[in-house]
Amino acid sequence: MSSFYLTTPIYYASGEPHIGHAYTTILADVIARYRRRAGRDVLFLTGTDEHGQKIQEAAAAQGMSPLELCDLMAGRFEAAWAELGISHDRFIRTTEAEHRAVVTALLERLRDNGHIYEAEYAGWYSVGQERYFTEKEIGPDRVDPIAGEPVERIREKNWFFRMSLFQERLVRHIEDYPHWIVPATRRNEVLGFLNQPLADLSISRPRSRINWGIPLPWDDAQVCYVWVDALTNYVTASGAIDPAAPKEERGFGDPRPARWPADVHLIGKDILTTHAVYWPTLLMGADLRLPRKILAHGWWVVGDTKMSKSLGNVVDPLDLRERFGTDAVRWYLMREMPTGQDASYTPDRFLTRYDQLANILGNLVHRTLSMVKRYRGGIVPGGSADGLARETEEALEAYHEGLGGYRLHEGFAAAMSLARRANGFVESQEPWALARDPNRSGELDRTLATLVRTLAVLAAMFEPVVPAKARELATRSGLDGVPRFAELRTLEVGELAVTPGTPLFPRVEARPGSFG
RNA sequence: GCCGGAGUAGCUCAGUUGGUCAGAGCAGCGGAAUCAUAAUCCGCGUGUCGGGGGUUCAAGUCCCUCCUCCGGCACCA
């Protein structure tokens with residue numbers, strides 16, 4: 001069984017989980033579930049980024065140690081993911097001993113390879129905020145964006161990574177692999193960015209300012225700055241590096257099959273540069289392979305503005321969940337947002353997408369199982385179930401193309417269209433008329449068996465996005481569980497005992513504007 | 001300013017290498033049916049494919065130009 005390794009970013013533990021985190025993580029979960037159903041041995045990684053000044057300050061402000069705060073926040077994220085049905089295999093924390101050891105090993109490797117040097121870092125420092133701000137943050141007036149006080153240009157000793165050394169190689173890689181960064185618009189941005197000379201990357205900060213971090217193995221007065229610390233989590237969790245081994249046997253430069261490289265890094269478009277420039281060059285510097293794909297997704301916007309807490313226009317997915325259920329929220333997020341692009345949230349669209357689930361899929365399930373019960377005592381007739389064969393083939397093909405090609409919205413549209421075709425099949429077969437005519441009993445058997453078989457296919461197709469409902473669908477259809485794709489071809493539905501029960505997606509009378 | 005992307009039915013958008021490409025879903029209007037959550041199914045869209053010019057037998061689909069909108073331009077997680 002071939003393996004598949006996918007990651008979300010690790011989320012910074014200074015804030016609560018929000019829609020942005022939830023979207024990325026659900027996206028990853030859907031892909032992970034899809035790959036598992038397709039027979040892959042999946043490693044799905046998520047976690048929290050726990051070092052740095054903000055954590056240090058936030059902990060102090062709340063009278064806690066940094067680690068206590070991180071324990072608390074990591075728990076919040078894990079609880080949120082449990083509620084959203086996330087099936088990650090590993091939740092990594094950058095404060096774990098294993099991760100700290102791998103980061104240390106990576107830093108040593110970079111230094112041994114001659115890619116690290118000491119130099120002065122110059123930046124715009126705010127004495128009041130005790131931190132550096134970027135050019136963008138301070139604006140033309142050169143004041144810190146929080147207190148509005150002037151910032152000053154100061155210099156301090158830092159260790160640098162020779163990122164510039166790898167610029168050419170990186171550009172060539174991006175050009176050689178057109179689908180390495182998707183969508184294409186993000187790829188263009190990176191290429192545009194790399195059109196200018198790449199500077200080297202500062203990778204440390206003096207411990208006198210920030211002590212909540214991983215010390216550099218060769219300079220105890222400096223801690224590792226965020227990039228190397230956070231990004232390395234992907235390698236840590238892959239298990240490719242054994243930091244306890246002698247230097248030459250730790251796994252750097254090792255081409256043997258392993259979890260590394262990752263098949264895909266899922267990220268928001270805000271951290272594109274770190275993942276498409278910093279990270280690959282760091283990997284090159286350490287003789288590690290590059291991830292196979294970087295998928296940057298878009299933002300949820302309200303009207304024309306990004307959702308943000310300060311604007312007060314945040315829609316908390318957990319709130320929607322209370323009324324519509326977790327699976328409905330997942331469906332909306334995956335179906336409404338074209339993978340990689342921005343999408344606009346409106347209550348109206350949410351309800352439309354929910355109605356789709358209830359009316360097209362949910363109703364198909366209910367009417368099918370009800371007819372099996374009414375006309376055949378709840379036992380699926382044996383014999384032929386070969387209706388809708390062409391429609392099913394077509395839908396599966398489009399579905400795999402969508403899910404496999406990271407156009408999830410298209411894949412799920414194909415799944416829904418199969419449910420539509422099945423409803424059309426019911427109309428054209430008129431089982432209720434067949435049931436009144438004893439001479440057409442065989443045709444009714446075939447119709448019902450076809451419909452149940454289609455439900456099994458739909459359970460498999462929908463499981464990645466609405467896992468709990470798909471499981472229920474399978475169970476009610478009399479199956480032991482949701483079938484894998486490979487099992488669909490030979491699946492027998494005859495003699496299964498079905499349970500109509502109450503609707504899978506009950507009608508919700510909520511009207512637009514009434515949530516959150 | 002520089003680079004990149006987008007402007008197609010009321011809304012959200014599909015439209016490979018130019019020639020049934022003028023489409024889908026939603027909304028709207030009309031009809032059918034009753035197994036089902038009044039849930040379904042069928043039928044109905046002459047829209048200057050942002051404006052103008054050009055190439056071609058033929059252009060949303062290529063070239064030029066203009067207009068509008070969006071994104072990126074690094075140590076920010």
Side-chain angles (χ1 to χ4, degrees), chain A residues 9-15 20 49 51-55 121-124 131-138 145 158 160-161 163 183-203 205 225-227 230 268-274 276-278 298-299 301 304 335-338 341-344 346 348-349 351-353 355-375 409-410 413 416-417 419-435 444 447-448 451 500 502-508:
Chain A
I10 46 175
Y11 305 116
Y12 201 53
S14 72
D49 176 14
H51 289 127
Q53 180 151 345
K54 275 188 192 166
I55 296 284
Y121 174 81
W124 298 99
R131 57 160 284 199
Y132 285 102
F133 287 96
T134 62
E135 293 268 359
K136 207 195 296 178
E137 284 175 311
I138 60 178
N158 279 186
F160 284 76
F161 164 61
M163 190 158 69
T185 174
R186 303 270 95 94
R187 173 174 179 267
N188 289 344
E189 278 178 22
V190 176
L191 282 172
F193 178 83
L194 290 170
N195 228 353
Q196 294 150 30
L198 198 56
D200 288 338
L201 185 70
S202 162
I203 60 154
R205 289 293 182 269
Y225 189 50
V226 59
W227 311 125
K269 62 184 183 180
D270 52 334
I271 49 177
L272 181 63
T273 306
T274 55
V277 178
Y278 300 177
W299 297 126
V301 298
D304 287 330
R335 181 64 190 81
E336 183 72 1
M337 177 178 273
Q341 295 175 223
D342 286 351
S344 177
T346 67
D348 202 50
R349 294 293 298 170
L351 289 179
T352 300
R353 291 298 183 194
D355 285 345
Q356 234 184 347
L357 275 181
N359 298 347
I360 299 172
L361 178 61
N363 185 49
L364 172 70
V365 174
H366 202 227
R367 71 197 304 204
T368 296
L369 301 184
S370 295
M371 286 189 285
V372 172
K373 183 175 183 186
R374 175 185 288 236
Y375 301 138
H409 59 297
E410 290 180 10
M416 194 56 90
S417 82
R420 265 200 188 92
R421 299 292 200 104
N423 276 315
F425 182 70
V426 173
E427 300 297 326
S428 66
Q429 294 297 109
E430 299 189 313
W432 47 93
L434 298 175
L444 178 58
T447 298
L448 295 176
L451 287 170
T502 55
L504 271 184
F505 300 97
R507 255 186 96 70
V508 173

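The sequence lines fix the lettering, A, B, ..., with proteins before strands; numbering per chain opens at 1. Since the structure is predicted, the reported quantities are computational estimates derived from the model, not experimental observations.
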Would you say Thr273(A) and Val190(A) make side-chain contact, with heavy atoms under 4.5 Å? no
Atom P, compared across U20(B) and C62(B): separation rounded to whole Å: 15 Å
Which dot-bracket notation, 5' to 3', represents the base pairing of RNA chain B when pairs are defined as Watson-Crick or G-U with both distances under 3.5 Å, crossing pairs as [ ], and inter-strand pairs as |? (((((((..((((.....[...)))).(((((.......))))).....(((((..]....))))))))))))....
N/O-N/O pairs, protein side and nucleotides 26-34 of chain B side, under 3.5 Å:
none

Atom CZ of Arg507(A) and atom P of A38(B) are separated, to the nearest Å, by 7 Å
Salt-bridge criterion met for Asp342(A) and Lys269(A) (N-O under 4.0 Å): yes
Under the side-chain contact (heavy atoms from CB on, under 4.5 Å) test against Phe505(A), which residue among Ile360(A), Val365(A), Leu361(A) passes? Leu361(A)
Under-3.5 Å N/O pairs linking protein and nucleotides 69-77 of chain B:
{"residue": "G71(B)", "atom": "O2'", "partner": "Arg186(A)", "partner atom": "NH2", "Å": "3.0"}
{"residue": "G71(B)", "atom": "O2'", "partner": "Glu189(A)", "partner atom": "OE2", "Å": "2.8"}
{"residue": "C73(B)", "atom": "OP2", "partner": "Lys136(A)", "partner atom": "NZ", "Å": "3.3"}
{"residue": "A74(B)", "atom": "O2'", "partner": "Tyr278(A)", "partner atom": "OH", "Å": "3.1"}
{"residue": "A74(B)", "atom": "N6", "partner": "Pro197(A)", "partner atom": "O", "Å": "2.7"}
{"residue": "A74(B)", "atom": "N6", "partner": "Ala199(A)", "partner atom": "N", "Å": "3.4"}
{"residue": "A74(B)", "atom": "N1", "partner": "Ala199(A)", "partner atom": "N", "Å": "2.9"}
{"residue": "C75(B)", "atom": "O2'", "partner": "Tyr225(A)", "partner atom": "OH", "Å": "3.4"}
{"residue": "C75(B)", "atom": "N4", "partner": "Asp200(A)", "partner atom": "O", "Å": "3.1"}
{"residue": "A77(B)", "atom": "OP1", "partner": "Tyr225(A)", "partner atom": "OH", "Å": "2.6"}
{"residue": "A77(B)", "atom": "O3'", "partner": "Asp49(A)", "partner atom": "OD2", "Å": "2.6"}
{"residue": "A77(B)", "atom": "N6", "partner": "Asp270(A)", "partner atom": "O", "Å": "3.0"}

By salt bridge (Lys or Arg N to Asp or Glu O under 4.0 Å), which residues pair with Glu427(A), not counting sequence neighbours? Arg367(A)
At under 4.0 Å between heavy atoms, what does Gly192(A) touch on the DNA or RNA strands: base, sugar-phosphate, or nothing? nothing
Which residue pairs pass the side chain to side chain donor-acceptor pair (under 3.5 Å) test when at least one of the two sits in residues 190-203 of chain A, sequence neighbours left out? Tyr117(A)-Asp200(A), Asn158(A)-Ser202(A), Ser164(A)-Asp200(A), Ser202(A)-Arg205(A)
Output all residues satisfying salt bridge (Lys or Arg N to Asp or Glu O under 4.0 Å) with Arg186(A), sequence neighbours left out; order by chain, then residue number. Glu189(A)
Applying a 4.0 Å non-hydrogen cut-off, can you work out what Leu272(A) is touching in the nucleic acid: base, sugar-phosphate, or nothing? nothing
Given the P atoms of C57(B) and G18(B), what is the spacing between them in whole Å? 15 Å
Close side-chain approach of Met371(A) and Leu448(A), heavy atoms under 4.5 Å: yes
What integer number of Å spans the C1' atoms of G47(B) and A24(B)? 15 Å
Can you tell me whether the base of G60(B) sits syn or anti, using the 90° cut around 0 to define syn? syn
Paired with Tyr278(A), the ring pair (Phe, Tyr, Trp, His ring centres under 6.0 Å) test is passed by just one of Tyr225(A), Trp227(A), Phe193(A), Phe161(A), namely Trp227(A)
